[in-house]
Amino acid sequence: MTHTPHAPAAPDVLTLGETMMALRGGGPLKLGGTMDVSIAGAESNVAIGLSRLGHAVRWAGAVGDDEAGELVLRTLRAEGVDVGAATRDPSAPTGLLLFEPRLPDVTRVHYYRAGSAGSRLTPAAVDAAFAGGAPRVLHLTGITPALGPSAAEACRRALRLARDHGTQVCLDVNFRSRLWSADEAATELRGWLPYVDVLIASDDELPLCLPTPSPDSEPEKSLLSGGIRELVVKLGARGATVHTADDTLHSPARQVQAVDAVGAGDAFVAGYLSALLDDADVATRLDRAVTTGAFAVASRGDWEGAPTRSELPLLTAAAGTVVR
C-alpha cells in the first residue's frame, strides 16, 4: 500500500473511514435500467459538508488502485477536502454501494465492501494523517471499526493520538446492522467512550454506549457522568436534543419538503461540528445542525445538497422565493 504526500497544514477536522463508489437506481434493481454514479461514505459526507462551510478538513481512507478509487479521490479534492493522507491499495478494490429506492419513503442499501481497500485501512495511514498536523477535532463513526480488524485498529490508533495531541473527539455511533451485531458494536464502542468529548447518536443507538444498559436507567445522565461532554441525540423528523452537564436543549426539525433522507445524519453532524469550530454556543450548534440536516433531506444524494455558509439562510426564505 503506497501513500501519497500529505499536506503539511493542520486541519480543523480529521475524519477517516471508507468511501465507496455509489450507484443510485430509479427503482427495483432486478428490473435493470440506468443508475447515477457518485460516491458515498458517512465520514466523507461530513468532510464535504464541513468543507462547504469553510473549514479545513482532512480525510484519511483507503481506496483501490482502480477507477472507482480515482472517482472517490477526485470528488473529494474537487470539494476542497485534503486527501493527502489517503492510501491506494493495489491488492483490494474500492467498495461499492447500491441504492435502491423501493417505495417513496423507503430506500434499500446494498453493500459490496467485504475485503475492500477501505476495510483494510491501517494505523499507519492514521499516523500519516496526524503527521501533517494534529486536527482540532477528530471525527469517527461506528461504521469504520465494523469493516474489519485493521480498520478497527486504525480507529483505536486515532483515538490515542487525539488524546496525545489534545484533539477533541466526536463519535457518531451510526450503527449498521448489516455490518456487525449490536453486541459487537457495543463491545467496541464502549471502549472508546473515555476518549470521546462529543457523542452523537439516534435515541435507539444510546444503549450501545451504556456500560450497563437498563430499561429503567437514564442513558443521558449515565453517559454524561461517564465523561462525555456533550451528548447529541438525533430524533429524525422530531429534531434533535443536546444534553450537557448544565442543560438540555431541544430543537425541532426544519420543515422542508422531504426528497431523500439518506445523508441527513451526516449533514447534521457537519453543521454541529462547524458551529463547534466557530466556538458557538450549544444552542447555535444545534440550530446549524438541524439546518444542514434539512438541506440534505430536501436534496437527492448523500452529500450533494450540503449547503455553503452563504446558503444557510435560504431555509428561512418564503415559499416561491427567487434569489436574483
Side-chain angles (χ1 to χ4, degrees), residues 3 6-18 42-43 46-47 50 55-62 82 84-87 121-175 184-201 205-206 208-211 219-220 222-232 242-245 269-270 272-279 282 285:
H3 291 270
H6 52 68
D12 293 323
V13 176
L14 167 66
T15 188
L16 53 106
E18 180 175 35
E43 300 81 11
V46 172
L50 283 165
H55 303 284
V57 190
R58 177 172 295 149
W59 176 80
D82 172 13
T87 56
L121 180 68
T122 67
V126 176
D127 291 338
F130 270 86
R136 292 174 59 191
V137 174
L138 169 68
H139 173 63
L140 298 176
T141 77
I143 298 172
T144 308
L147 301 177
S150 181
E153 186 52 44
C155 291
R156 297 180 202 120
R157 176 65 174 158
L159 290 169
R160 292 191 291 270
L161 286 172
R163 171 170 286 181
D164 292 345
H165 288 88
T167 294
Q168 296 182 79
V169 175
C170 172
L171 168 62
D172 184 0
V173 173
N174 239 332
F175 175 64
E184 290 171 322
T187 298
E188 179 69 28
L189 297 181
R190 287 170 191 165
W192 292 17
L193 294 185
Y195 299 88
V196 175
D197 299 289
V198 179
L199 178 64
I200 302 178
E205 291 172 334
L206 291 179
L208 299 176
C209 304
L210 294 171
E220 297 83 6
S222 176
L223 289 166
L224 291 171
S225 65
I228 300 297
R229 189 184 72 219
E230 299 168 33
L231 172 60
V232 186
V242 179
H243 303 272
T244 66
V269 172
Y272 195 88
L273 290 181
S274 170
L276 173 67
L277 291 163
D278 288 348
D279 295 320
V282 174
R285 297 177 205 172

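For the single chain, residues carry numbers from 1 onward in sequence order.
At least one side-chain heavy atom of D127 sits under 4.5 Å from a side-chain heavy atom of R157. Taking 4.5 Å as the limit, every side-chain heavy atom of P11 sits out of range of all side-chain heavy atoms of D82. Contact check for L16 versus E43: no side-chain heavy atoms found under the 4.5 Å cut-off. Residues L138 and Y195 are not in side-chain contact: their nearest non-hydrogen atoms beyond the backbone lie 4.5 Å or more apart. Between D12 and V57 the shortest side-chain heavy-atom distance does not fall below 4.5 Å. Side-chain atoms of Y272 and C170, non-hydrogen and from C-beta on, never get closer than 4.5 Å to each other. Using a 4.5 Å cut-off on side-chain heavy atoms (C-beta onward), D278 and H55 make contact. Using a 4.5 Å cut-off on side-chain heavy atoms (C-beta onward), L276 and R136 make no contact.
Summarising the geometry, atom CG belonging to L277 is positioned 8.0 Å from atom CD belonging to Q168; distances are rounded to the nearest 0.5 Å. Rounding to the nearest 0.5 angstrom, the gap separating the CG atom in L161 from the CZ atom in R163 is 12.0 Å.
In terms of modelled atom types and a separation under 3.5 Å, the side chain of E205 and the main chain of F175 share a donor-acceptor contact. A donor-acceptor pair is defined here as one N or O able to donate and one able to accept, closer than 3.5 Å; no such pair exists between the side chain of R156 and the backbone of G191. Side chain of N174 to main chain of G142: no donor-acceptor pair is present (N/O by atom type, distance under 3.5 Å, no hydrogens or angles). No donor-acceptor pair closer than 3.5 Å links the side chain of T144 to the backbone N or O of A151. Without hydrogens or angle criteria, R229 side chain to T244 main chain gives no donor-acceptor distance under 3.5 Å.
Counting all heavy atoms, side chain and backbone alike, G17 lies closest to L121 at N-CD2, 4.4 Å. Here the shortest heavy-atom pairing between A158 and F130 reads O-CZ, 3.9 Å. A10 and A134 get closest at one heavy-atom pair: CB-O, 3.5 Å. Considering every non-hydrogen atom in both L206 and A201, the closest pair reads CD2-CB, 4.0 Å. Scanning all heavy atoms of the two residues, the minimum distance from S274 to L50 falls at N-CD2, 3.6 Å. Heavy-atom minimum distance, R58 versus A129: NH1-O, 2.8 Å.
Test L140, I200, L199, T141 against V173 for side-chain contact (heavy atoms from CB on, under 4.5 Å) and you get one pass: L199.
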Quiz item: For V196 and L171, what are the C-alpha separation, side-chain angles and deciding distance, and is it a side-chain contact (heavy atoms from CB on, under 4.5 Å)?
Solution: CA-CA 7 Å; V196 175; L171 168 62; 4.0 Å; yes

Self-check item: side-chain contact (heavy atoms from CB on, under 4.5 Å) between R285 and V242, worked out
Solution: CA-CA 9 Å; R285 297 177 205 172; V242 179; over 6 Å; no

